[in-house]
Amino acid sequence: MSDIRYFLTSRVIPLGIVGLILISIIITTNRDSTLEQILKSGQLVMVTRNSPTTYYEGPSGLLGLEYDVAKRFADHLGVSLNIITTENLQEMLDMVVSKDVDFAAAGLTVTDERKKLVRFSESYQNVTQQIIYRTGSERPRKIEDLLDKQIEVVGSSSHAERLAELSREYPKLQYTENTELGSDDLMRLVWEQVIDYTVMDSNEFLMSRRFYPELRVAMDISEPQQLAWVFPYDKDDSLYNASINFIRQLKKSGEMQKLLSKYYSHVENFDYVGAHTFMFHIAERLPRYIELFKAAATEYSLDWELLAAIGYQESHWNPKARSPTGVRGIMMLTMNTAKYLGIKNRLDPEQSIMGGAKFINNLSRRIPAEVKEPDRTWMTLAAYNIGRGHLEDARLITETRGGDPDRWADVKDNLPLLARKKWYKRTKHGYARGWEPVSYVENIRSYYEILRWNTQKETDTEEPPAALSIDSPAL
């Protein structure tokens with residue numbers, strides 16, 4: 001400090017300028033860190049994009065892996081989360097660089113080119129870049145098969161960077177960067193055979209392939225790559241370091257793996273044939289019963305698409321369906337359940353659907369109040385399949401094993417234990433085929449998401465607003 005004082009008071013620098021420099025030093029020294037500024041303002045500003053893997057508005061609130069993690073980070077800091085969306089990746093990076101936002105969380109791949117502009121947090125997921133094609137067209141099996149083909153990718157994406165790398169080795173490799181369309185839009189262009197191929201990250205295709213059953217992965221064009229949050233380069237590391245510590249703690253505690261399971265477990269065992277049949281039945285069978293599903297859903301405060309998805313899982317919307325155990329009709333009601341609900345004819349579509357809706361509503365109201373959405377919905381469906389008593393047994397086992405009985409992700413891991421003597425002998429309701437409700441719920445989730453996607457596609461549902469202030473968890 002004495003050296004600075006000597007330098008500033010020497011005759012080399014005029015006294016007026018010395019005063020300005022001293023004021024600047026004092027201001028700089030007393031300036032709040034980035035993290036302190038966020039804590040004082042009470043909000044954390046994030047930019048992301050609308051997609052099934054990042055952030056979207058579901059019937060029970062805001063969803064998406066990036067949203068869930070960022071919301072937990074904001075709660076950890078004790079501030080609200082302010083979300084800004086853009087589909088243009090370059091615009092997103094520019095917003096981070098210019099510090100118009102605190103960070104970006106949008107399933108962004110860590111690449112060398114991006115590292116020149118921004119810095120990345122701790123990674124939370126690995127993905128692989130994949131060439132997507134439509135069955136019935138020529139499947140590329142090596143890079144040479146892509147030459148002279150029409151390939152279109154999202155502009156300023158890691159996919160464009162990878163193709164640029166490959167084009168240096170294969171000069172005839174041509175591709176177009178589209179700054180207007182997202183990955184889902186490009187998938188549709190491949191499905192419609194407007195373009196030959198596109199490139200998607202493996203996690204995005206895993207989530208979206210149900211909507212286009214004819215699309216397949218042709219080949220990988222990258223090694224596994226890391227996804228991470230994006231921050232600006234800055235001498236102040238306070239927020240950046242806080243994010244790293246937070247994500248590391250999520251991974252160490254197992255919470256990150258639970259979040260990944262929440263969004264991906266129900267789509268991993270994808271059935272191409274089943275999805276194709278479902279899309280056919282949406283067009284051919286659903287129109288006969290859609291008004292019945294809507295009326296029953298309105299009567300019992302349910303989501304009609306969820307109710308229809310349950311009906312499809314039960315009977316494929318076949319009013320005369322019958323199982324070996326004697327359950328019948330679109331909602332596959334037992335004789336005892338039908339009697340309890342006042343249903344006289346289980347084969348009558350209107351009575352069956354109305355009865356199923358009433359039964360689901362009753363089950364939902366009997367799920368403990370501590371269970372919040374969307375976990376409440378998934379547990380209600382499990383109870384519809386296996387019985388509420390067995391569900392409660394599974395919740396008790398979950399708690400005994402240190403899990404959270406109010407979270408579906410934990411309960412579904414313990415439901416299969418109802419078939420093991422070591423565990424079911426301790427329960428009130430005994431043995432049950434506990435793996436069945438897990439598969440049951442995951443199938444319905446997939447059918448439901450396809451139905452919602454199909455409805456939104458037909459009605460051009462508006463996207464969530466560009467900026468939202470969120471003060472409490474939506475889930």
Side-chain angles (χ1 to χ4, degrees), residues 58-61 63 68 71-72 75 250 253-269 300-303 306-307 309-310 313-314 327 331-332 334 336-337 340 356-446 448 472-475:
S60 59
L63 297 167
D68 264 0
K71 185 64 178 70
R72 281 165 171 74
D75 290 343
L250 280 187
S253 67
E255 182 69 11
M256 183 63 76
Q257 186 55 48
K258 289 179 181 178
L259 288 173
L260 290 169
S261 176
K262 171 183 175 179
Y263 286 102
Y264 293 100
S265 65
H266 69 290
V267 297
E268 288 176 345
N269 298 319
Y300 292 104
S301 301
L302 300 173
D303 185 320
L306 178 65
L307 186 61
I310 298 168
Q313 170 65 22
E314 292 288 350
V327 293
M331 302 303 288
M332 296 297 270
T334 66
N336 289 336
T337 300
Y340 165 74
K358 181 178 180 180
F359 190 48
I360 291 165
N361 179 271
N362 288 346
L363 284 173
S364 179
R365 288 190 284 107
R366 298 175 73 183
I367 300 293
E370 295 78 18
V371 181
K372 306 302 180 184
E373 291 291 1
D375 302 273
R376 187 180 197 82
T377 293
W378 311 141
M379 289 197 203
T380 298
L381 297 184
Y384 189 82
N385 175 258
I386 200 174
R388 194 173 66 88
H390 288 305
L391 174 67
E392 286 304 309
D393 287 344
R395 293 182 70 240
L396 287 174
I397 292 175
T398 300
E399 189 171 23
T400 300
R401 300 184 72 211
D404 186 347
D406 299 333
R407 290 184 55 171
W408 169 246
D410 288 3
V411 173
K412 78 170 186 176
D413 288 341
N414 290 283
L415 270 164
L417 297 180
L418 294 176
R420 293 172 58 179
K421 188 175 182 179
K422 174 184 175 180
W423 290 102
Y424 73 70
K425 70 179 182 180
R426 309 180 190 182
T427 65
K428 181 178 179 179
H429 299 89
Y431 172 85
R433 297 160 63 92
W435 63 88
E436 288 186 348
V438 175
S439 177
Y440 179 85
V441 172
E442 291 181 350
N443 286 346
I444 290 174
R445 286 183 66 179
S446 285
Y448 171 57
S472 59
L475 301 183

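Remember, predicted model here, so these are calculated numbers, not experimental data.
Residues Tyr448 and Asp303 have side chains that bring a donor and an acceptor to within less than 3.5 angstrom of each other. Side-chain contact, Tyr384 with Glu314: no donor N or O sits under 3.5 Å from an acceptor N or O. Between the side chains of Thr377 and Glu373, at least one donor N or O lies within less than 3.5 Å of an accepting N or O.
Taken to the nearest 0.5 Å, the CG atom of Asp68 stands 7.0 Å off from the CG atom of Leu63. Residue Leu260 holds its CG atom at 10.0 Å from OG of Ser265, rounded to the nearest 0.5 Å.
Salt-bridge annotation for Glu392 and Lys428: absent, with no side-chain N of the basic residue lying under 4.0 Å from a carboxylate O of the acidic one. Taking the charged nitrogens against the carboxylate oxygens, Glu370 and Arg395 have no contact shorter than 4.0 Å, which rules out a salt bridge. At a threshold of 4.0 Å, the pair Asp410-Lys258 counts as salt-bridged, since one of the basic side-chain nitrogens sits closer than that to a carboxylate oxygen.
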Q: Evaluate side chain to side chain contact (heavy atoms under 4.5 Å, CB included) for Asp406 paired with Lys372, printing each intermediate quantity in order.
A: CA-CA 8 Å; Asp406 299 333; Lys372 306 302 180 184; over 6 Å; no
Q: Under the side-chain hydrogen bond (donor to acceptor under 3.5 Å, both in side chains) rule, what do Asn361 and Arg365 come out as? Steps first, then yes or no, please.
A: CA-CA 6 Å; Asn361 179 271; Arg365 288 190 284 107; 3.0 Å; yes
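Two residues are said to be in side-chain contact when any heavy atoms from C-beta on lie closer than 4.5 Å; Leu391 and Val411 meet this criterion. Looking at heavy atoms from C-beta onward, Thr398 lies out of side-chain contact with Asp413 at the 4.5 angstrom threshold. Residues Ile310 and Tyr440 meet the side-chain proximity criterion, which asks for heavy atoms closer than 4.5 Å.
Using a distance-only test at 3.5 Å, with no hydrogens or angles considered, no donor-acceptor pair links the side chain of Asp393 to the main chain of Thr427. Between the side chain of Ser439 and the main chain of Glu436, no donor-acceptor pair closer than 3.5 Å is present. Listed for the Arg388 side chain is no donor-acceptor partner under 3.5 Å among the backbone atoms of Ala383. Between the side chain of Thr400 and the main chain of Leu396, a donor-acceptor pair closer than 3.5 Å is present. No donor-acceptor distance shorter than 3.5 angstrom exists from the side chain of Arg401 to the backbone of Asn414, with no hydrogens or angles considered.
Nearest heavy-atom pair, His390 versus Leu418, reported as atom, atom and distance to 0.1 Å: O-CD1, 3.5 Å.
Residue Trp423 is tested with Lys425, Arg426, Lys421 for a side chain to side chain contact (heavy atoms under 4.5 Å, CB included); the sole match is Arg426.
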